[in-house]
S.K.: 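Encoded as structure tokens, here's the structure I'll be asking about.
Every chain is numbered from 1 and lettered A, B, ... according to where its sequence line falls, protein lines coming before strand lines. Fair warning: this is a prediction, and the values are worked out from it, not measured in the lab.
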Number of protein chains: 2
Amino acid sequence: MLVRIDPDSPAPLHAQISAAVRRGIAVGEIAPGERLPGARDLAAALGVNLHTVLRGYQELRAEGLVELRRGRGAQVRPDAAPAVAALRQAVHALVDEARRLGLSATEVTEMVREAMT
Amino acid sequence: MLVRIDPDSPAPLHAQISAAVRRGIAVGEIAPGERLPGARDLAAALGVNLHTVLRGYQELRAEGLVELRRGRGAQVRPDAAPAVAALRQAVHALVDEARRLGLSATEVTEMVREAMT
DNA sequence: AAACTTGTTCTAGTCCGCATAGAACAGTTA
DNA sequence: TAACTGTTCTATGCGGACTAGAACAAGTTT
């Protein structure tokens, strides 16, 4: 599994890390059940602090994509479908653009709701 | 033209200002050629610093949406077209994919709502 | 059981972008 | 000319991001 980071990007490092893993799941680079690199290892490999990696991992847990347990590490949840991860990524992109245009949360969700019906 | 600001939002004030104007242009609230409120006036109205407003305006200029000139103020460029259509298209693509995955409307809107917060 | 691994929590410090403030400056308009 | 408006400059305070180190707890390995 490859995680790349751009220190010059305005995006926070922890967000870049979670995005990279999210993408890995989406494109099938990481399979459900697979174990992510240990936080200390990845931190060392990226030249980044342990806490920064952990923060990224915890964001993924909040989305229900991975499981974090001491001793075992970070594991992609078996029911984490790559397609859903991809959709989540698309949602991220959509939300970013909507926010850039100044649309409110209700306006965007309403657009989606109408489009779904 | 109405510009609203949320001091508690994690989004920077200058970004909120540029987003508000961008939205106004996108939805047709502000017509091409129209003049934006003076930076000092808007700053006073929003309870915000002059430089903060100016920074938002300059972001819009960098995007080619407005023209800034001393003495004249900020003017929406005649060729500044609505960009909401593209977003609407992105929403359509998103819901199509979501439907293909068998997700319910509430599940999708919930994903968007969470991502927007 | 003992040793090791790994995430969790806590404190603390540095750095940088955001926002504020005030002033002087330079085109535009009336 | 006088009033208006964006431009540029210096300076200050605040908060989040990131780093750093340590101790801790739960799971795995031998």
Side-chain angles (χ1 to χ4, degrees), chain A residues 1 3-21 30 33-78 80 96 99-100 102, chain B residues 1 3-21 30 33-77 80 117:
Chain A
M1 163 67 203
V3 175
R4 262 186 282 174
I5 294 294
D6 177 14
D8 296 329
S9 166
L13 296 180
H14 60 81
Q16 291 187 44
I17 293 172
S18 59
V21 175
I30 315 175
E34 191 170 331
R35 196 168 161 279
L36 296 180
R40 284 176 178 82
D41 291 349
L42 184 54
L46 294 177
V48 154
N49 192 274
L50 161 68
H51 301 92
T52 304
V53 174
L54 254 349
R55 182 167 175 182
Y57 279 8
Q58 282 158 0
E59 289 166 3
L60 295 169
R61 173 173 60 184
E63 296 176 12
L65 286 179
V66 306
E67 249 183 32
L68 294 183
R69 292 169 73 174
R70 332 183 200 201
R72 189 179 310 178
Q75 204 168 6
V76 178
R77 284 183 50 171
D96 282 347
R99 230 193 303 260
R100 199 186 71 83
Chain B
M1 162 69 202
V3 175
R4 262 185 282 174
I5 295 294
D6 177 16
D8 296 330
S9 167
L13 296 180
H14 61 82
Q16 291 186 45
I17 292 171
S18 59
V21 175
I30 314 176
E34 190 170 331
R35 195 169 164 277
L36 296 180
R40 286 177 177 83
D41 290 350
L42 184 54
L46 294 177
V48 154
N49 192 275
L50 160 68
H51 301 93
T52 303
V53 173
L54 255 348
R55 180 164 178 184
Y57 279 7
Q58 282 159 0
E59 289 165 4
L60 296 169
R61 173 174 60 183
E63 298 174 14
L65 287 180
V66 305
E67 251 183 28
L68 294 182
R69 293 168 74 175
R70 331 184 200 199
R72 190 180 309 181
Q75 205 168 4
V76 178
R77 284 184 50 170
T117 59

S.K.: Does a salt bridge link B:Arg77 with B:Glu63, judged by any charged N lying under 4.0 Å from a carboxylate O?
M.R.: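 Here B:Arg77 does not pair with B:Glu63 in a salt bridge, since their nearest N and O are not under 4.0 Å apart.
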
S.K.: With a 4.5 Å limit on heavy-atom distance, are the side chains of B:Leu60 and B:Val76 in contact?
M.R.: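 Result no, sub-4.5 Å side-chain heavy-atom pair not found.
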
S.K.: Do the side chains of B:Arg69 and B:Glu67 get nearer than 4.5 Å, heavy atoms only?
M.R.: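 They are in side-chain contact.
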
S.K.: So, is B:Arg35 close to the D:dT5 phosphate, meaning a side-chain N or O under 4.0 Å from OP1 or OP2?
M.R.: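 Yes, because at least one side-chain N or O of B:Arg35 sits under 4.0 Å from OP1 or OP2 of D:dT5.
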
S.K.: Among D:dT7, C:dT6, D:dC18, which is the nearest nucleotide to the side chain of A:Thr52?
M.R.: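 Nearest listed nucleotide: D:dC18.
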
S.K.: Does a distance-only test, which skips hydrogens and angles, find a donor-acceptor pair under 3.5 Å between the side chain of B:Arg72 and the base of D:dG6?
M.R.: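 Donor-acceptor pair under 3.5 Å: no.
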
S.K.: So do A:Arg72 and A:Arg70 actually touch side chain to side chain, heavy atoms under 4.5 Å?
M.R.: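 Sidechains of A:Arg72 and A:Arg70: no contact.
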
S.K.: A:Ala39 has a side chain; which of C:dG7, D:dG6, D:dC18 sits nearest to it?
M.R.: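 Between C:dG7, D:dG6, D:dC18, the one nearest the side chain of A:Ala39 would be C:dG7.
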
S.K.: With nearest nucleotide decided by heavy atoms, which residue, A:Arg69 or B:Leu50, maps closer to the 5′ end of DNA chain D?
M.R.: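 That would be B:Leu50.
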
S.K.: Could you work out which one of D:dT7, C:dG7, D:dT19 sits closest to the side chain of B:Arg70?
M.R.: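 The answer is D:dT7.
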
S.K.: Is the base of C:dC18 touched by the side chain of B:His51 through a donor-acceptor pair closer than 3.5 angstrom?
M.R.: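 Looking at the base of C:dC18, it does not pair with any donor or acceptor on the side chain of B:His51 (distance under 3.5 Å).
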
S.K.: Given C:dT6, D:dG6, D:dC18, which nucleotide is nearest the side-chain atoms of A:Arg40?
M.R.: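 Of the options given, the side chain of A:Arg40 lies nearest C:dT6.
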
S.K.: Strictly below 4.0 Å: does A:Arg61 bring a side-chain N or O up to OP1 or OP2 of C:dT8?
M.R.: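 Yes, within the criterion.
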
S.K.: Using heavy-atom distances to pick each residue's nearest nucleotide on DNA chain C, tell me which of B:Arg55 and A:Gly38 is more 5'.
M.R.: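 This one resolves to A:Gly38.
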
S.K.: Can you work out whether A:Gly71 or A:Ala15 has the more 5'-proximal nearest nucleotide on DNA chain D?
M.R.: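 Looking at DNA chain D, the more 5' nearest nucleotide goes with A:Ala15.
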
S.K.: Compare the minimum distances between each of D:dT19, D:dG6, C:dT28 and the side chain of B:Leu54, then state the nucleotide with the smallest one.
M.R.: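 When the side chain of B:Leu54 is considered, D:dG6 is the closest of D:dT19, D:dG6, C:dT28.
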
